[in-house]
Amino acid sequence: MAPKDPEATPVEALSRDEAATELQRLAQAIAWADAAYHRDDAPEISDADYDALKRRNARIEARFPDLKRPDSPSERVGAPPTEGFAKVVHSVRMLSLANAFDDEEITEFDARIRRYLGLAADAPLAYTAEPKIDGLSLSLRYEAGGLVQAATRGDGTEGEDVTRNVRTIGEIPERLEGGPDLLEVRGEVYMAHADFEALNARQEAAGQKRFANPRNAAAGSLRQLDPSVTAGRPLRFFAYGWGALSAPLAETQMGAIERLSALGFPTNPLTALCDGPGEMLARYREVERRRAALGYDIDGVVYKVNDLALQERLGFRSTTPRWAIAHKFPAELAWTQLEAIDIQVGRTGALSPVARLVPVTVGGVVVSNATLHNEDYIAGRDSQGNPIRDGKDIRVGDWVQVYRAGDVIPKLADVDLSRRPEGATAYVFPTSCPECGSDAIREEGDSVRRCTGGLICPAQAIEKLKHFVSRAAFDIEGLGAKQVEQFYLLGWIREPADIFTLAARDAAGEKALVAPQEVLAGLHDEERGEARERLADALGLEGFDREEVARTFERRSRTPLSEQLGWGEKSVRNLFDAIEERREIPIERMIFALGIRHVGETAAQLLARHYGRWEAFLAAMDAATDQAGPAWDDLLSIDGVGAVLARSLVTSVTQDAERASIDRLAGELTVLEAEQPDTEGSPVAGKTVVFTGKLEKMTRAEAKARAESLGARVSGSVSAKTDLLVAGPGAGSKAKKATELGVEIIDEDDWLKLIGAA
DNA sequence: GAGCCTCGAGTTCC
DNA sequence: CTCGAGGCTC
């Protein structure tokens with residue numbers, strides 16, 4: 001059990017008996033945290049919390065030396081679970097693959113590539129096909145033939161340095177002969193079935209936890225802090241790709257794989273060349289047929305365009321290469337019973353139903369929750385009103401079939417009406433918010449029902465704050481989702497601006513922004529049991545008693561954070577330092593952090609680039625309030641901004657309460673001007689370019705992607721703001737308009753010459 | 001107006 | 001990771 005947080009009595013005030021009791025409690029709590037960290041590779045409490053426990057233990061021991069226990073945590077040897085793995089930024093992003101689940105999607109994949117490349121349906125186009133190993137991706141960096149770094153995939157941009165562990169894997173060469181000077185090899189670490197069974201037998205004999213499946217075993221083994229543990233684990237490796245290179249490996253994917261094999265890397269023996277969708281699908285069946293006998297887990301077949309020059313032309317979408325796709329095997333299914341349907345309220349007020357299930361193992365993992373999407377889904381209809389699951393609705397008590405979409409997200413596939421319990425009634429979707437009681441309404445044509453409470457809804461307020469501190473927004477170290485939620489419940493932070501005044505209020509001994517009566521007022525009716533529980537929990541109380549809650553609420557408001565359990569002086573200082581660091585914030589993060597519907601990372605980036613300065617952005621929003629006029633048109637002229645986004649943005653930013661909150665926040669900050677894309681030496685940076693007519697050396701999509709990578713804005717129509725028109729043969733009205741407006745016109749060859757210089 | 005292609009939002013489990 | 005929907009292209 002996790003240690004609760006009984007309001008910490010100052011060490012000085014502890015009686016002897018209390019001290020002895022607490023030392024025992026601390027010893028247990030620390031041992032529990034250690035075990036959770038080492039055994040499960042999943043710390044249950046934060047490093048800061050852990051440090052605070054240890055420090056309090058040490059202080060009590062210092063005051064009562066004779067009470068020191070034989071199992072005192074301060075005597076424990078071994079590395080404290082502070083340092084994890086160093087972060088590694090990948091020089092070339094490790095992307096994921098687009099997925100396909102049926103044959104048709106593979107035909108479409110081929111057609112899409114041909115279209116993009118401008119190839120006829122019958123032109124030759126070869127693909128490689130290889131089994132998709134179910135393990136963990138790894139990037140191995142070799143310099144001058146020697147392995148210098150191994151990193152996990154992480155989020156694709158930044159992974160963890162696992163070099164010391166990887167050096168213990170026999171199948172990964174330490175040195176290469178005759179490779180390029182710089183070579184990053186990418187592949188999959190996995191554990192074979194036989195090795196997995198043997199490992200689990202050993203784990204069990206040693207009284208340790210069995211691993212749920214080979215992939216978890218491989219992941220757990222690779223992420224050992226002690227490389228000697230990894231050395232004892234039977235990890236294996238298949239190379240399938242590469243990142244940074246000082247010289248090309250080959251001209252084709254197949255050639256590159258053969259080269260990696262010649263350099264000493266294991267490559268998958270089932271890798272084959274296919275000349276089109278027909279052969280690809282035949283290969284898929286073949287691999288599927290041999291799946292059970294392979295001796296290791298695979299979850300599909302990956303196809304890649306064989307010609308590397310074509311791969312380069314195809315390039316990437318935002319998170320996946322265009323030249324590859326993973327054809328997944330059908331997901332495993334399992335039947336279980338639906339215990340309850342809960343409603344969660346998101347940042348935008350969306351009411352999302354979640355299925356609480358009798359736990360069931362699906363694909364090696366125990367699943368107890370699954371998404372139910374929205375009210376139509378429960379009723380057995382899709383957003384167009386067409387029946388899904390043959391129109392069967394879902395009721396509490398039903399037997400339902402579960403699968404893990406993409407091997408991750410649990411979903412329901414079917415309902416067994418023959419086993420429906422007698423008296424089961426159709427689920428009635430709430431029409432008021434379960435968190436704040438406000439009306440929950442569904443807009444015309446929308447599939448989700450939303451709480452109309454806005455910021456008075458605690459769920460929305462908390463989710464908005466979580467979004468605010470999230471990685472792509474303010475990313476404040478030491479202030480994660482958990483802390484934000486707790487600070488909100490304790491009344492210390494109600495809106496983003498409050499984060500930046502917290503340190504001062506802490507020093508002044510008055511953190512709460514609301515009176516306890518006010519907090520309690522919202523908890524009157526009996527239905528709000530959950531909210532009461534959460535508040536009691538945040539206060540560290542076992543039960544809910546109004547007077548005790550109010551008392552504790554005030555005491556915690558007055559007690560400096562550094563004296564509260566779970567926090568120590570150092571962690572508090574780190575938190576406040578991290579907050580101070582974010583008083584300077586890039587404008588794109590600021591815009592994203594506001595959490596406006598339809599404005600995600602990408603849209604925020606576009607807006608930041610367009611307006612440059614924060615004041616200019618706000619002024620433009622004000623000028624566009626009436627949704628007409630030059631400011632409104634200017635907003636809509638941004639490529640990627642349409643009417644829906646614009647309306648959502650302008651109404652949010654100019655709405656009084658919201659705006660006041662934004663201004664309070666901005667008052668605490670220095671918002672940094674947008675950085676233009678890194679296009680040093682690009683002749684077209686910041687220019688607005690329009691393509692028209694037929695392009696002969698590249699497709700329109702390629703031309704657009706290339707121009708944007710050089711910092712140009714590509715627009716669809718010629719206007720006074722257009723700097724350059726690239727006109728191929730057959731250009732018509734656009735060329736005419738450009739001439740009228742005096743916009744420079746060049747042909748495709750001139751364009752290539754122009755950007756070739758970059 | 002139809003058909004992509006992306007992005008945004010919501011979600012689970014480790 | 002997926003679904004829904006916004007926005008762009010044809």
Side-chain angles (χ1 to χ4, degrees), chain A residues 36 40-44 96-99 101 108 111-112 115-116 136 209 211-213 215-220 223 299 316-320 322 326 328 331 342-357 359 361-374 376-377 382-384 388 402-412 443 445-448 450 459 463-464 466-467 470 472 592 595-606 636-649 690-692 694 699-701 703-705 714-717:
Chain A
D40 306 337
D41 196 21
E44 298 277 7
S96 48
L97 293 176
N99 290 319
F101 295 94
E108 270 171 29
R112 192 161 61 235
R115 199 161 54 235
Y116 195 94
L136 303 82
K209 202 183 71 172
F211 289 100
N213 55 50
R215 184 176 45 184
N216 284 1
R223 295 191 74 262
D299 54 1
F316 301 89
R317 304 211 289 228
S318 54
T319 58
T320 58
R322 282 198 190 82
K328 302 298 262 311
D342 282 357
I343 300 286
Q344 297 183 353
V345 182
R347 163 168 70 88
T348 61
L351 267 49
S352 309
V354 179
R356 304 294 176 204
L357 306 165
T361 302
V362 195
V365 173
V366 178
V367 166
S368 45
N369 300 310
T371 175
L372 290 171
H373 302 291
N374 53 53
D376 283 348
Y377 182 87
D382 68 8
S383 57
Q384 273 86 48
I388 50 176
V402 186
Y403 70 103
R404 298 206 307 149
D407 267 343
V408 182
I409 314 282
K411 298 205 165 167
L412 303 192
E443 306 242 321
D446 211 347
S447 56
V448 297
R450 289 193 153 81
E463 292 306 313
K464 247 186 134 147
K466 285 185 189 167
H467 171 81
S470 70
F592 173 68
I596 294 162
R597 189 135 87 94
H598 299 127
V599 181
E601 248 182 296
T602 308
Q605 185 79 248
L606 291 172
L636 286 173
S637 79
I638 301 172
D639 203 357
V641 174
V644 174
L645 193 164
R647 213 172 302 132
S648 162
L649 177 65
V690 176
F691 292 94
T692 187
K694 188 171 166 47
T699 66
R700 194 158 294 253
K704 182 170 190 254
V714 178
S715 171
S717 59

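Residue numbering restarts at 1 for every chain, and letters A, B, ... go by the order of the sequence lines.
Regarding N369(A), its CG atom lies at a distance of 20 Å from the P atom of dC1(C), rounded to whole Å. Taking atom CG of residue L645(A) and atom C1' of nucleotide dC7(B), one finds them 10 Å apart after rounding to whole Å. For the pair L412(A) CG and dC3(C) P, the computed distance is 13 Å after rounding to whole Å. Atoms CD1 (I638(A)) and P (dC7(B)) sit 15 Å apart, rounded to a whole Å. Here dC7(B) presents its P atom at 19 Å from CZ of R597(A), a figure rounded to the nearest Å. Rounded to a whole Å, the CZ atom of R404(A) is 11 Å from the C1' atom of dC1(C). The distance from atom CZ of R450(A) to atom C1' of dA5(C) is 11 Å, rounded to the nearest whole Å. The NZ-P distance, from K328(A) to dT2(C), rounds to 7 Å in whole Å.
Listed nucleotides: dC3(C), dA9(B), dC1(C). Nearest to the side chain of T348(A): dA9(B). Side-chain proximity of K411(A) to the nucleotides dG10(B), dT2(C), dC13(B) is greatest for dT2(C). When each of dC13(B), dG6(C), dA9(B) is scored by its nearest atom to the side-chain atoms of V365(A), the top-ranked nucleotide is dC13(B). Of the candidate nucleotides dT6(B), dG6(C), dC13(B), dT6(B) has the atom lying nearest to any side-chain atom of R322(A). Listed candidates were dC13(B), dC1(C), dG6(C). Nearest to the side chain of N99(A) is dC1(C). Listed nucleotides: dC14(B), dT12(B), dA5(C). Nearest to the side chain of V354(A): dT12(B). Of the candidate nucleotides dA9(B), dG4(C), dC13(B), dA9(B) has the atom nearest to the side chain of R347(A). The side chain of S368(A) sits closest to dC13(B) out of dA5(C), dC13(B), dG6(C). Closest to the side chain of H598(A), out of dC5(B), dC13(B), dG6(C), is dG6(C).
In this model, the phosphate group of dT12(B) is not approached by any side-chain N or O of T371(A) to a distance below 4.0 Å at OP1 or OP2. Between dT6(B) and T602(A), no contact under 4.0 Å exists linking OP1 or OP2 to a side-chain N or O.
Partners of R450(A) under the salt bridge (charged side-chain N to carboxylate O under 4.0 Å, His left out) rule, at least two apart in sequence or in another chain, are D446(A). Applying the side chain to side chain donor-acceptor pair (under 3.5 Å) criterion to Q605(A), with sequence neighbours excluded, gives no partner residue.
At a threshold of 4.0 angstrom between heavy atoms, the contacts of L372(A) with the nucleic acid are absent. The residue V448(A) sits apart from the nucleic acid: no heavy atom pair falls under 4.0 Å.
From N99(A), atom CG reaches atom NZ of K328(A) across 4.0 Å, with rounding to the nearest 0.5 Å. Atom-to-atom distance recorded for R347(A):CZ and K464(A):NZ is 7.5 Å, nearest 0.5 angstrom. The line from NE2 of H373(A) to CG of L412(A) is 8.0 Å long, rounded to the nearest 0.5 Å.
Nearest approach of V402(A) to P410(A), heavy atoms of both residues: CG1-CB, 4.4 Å.
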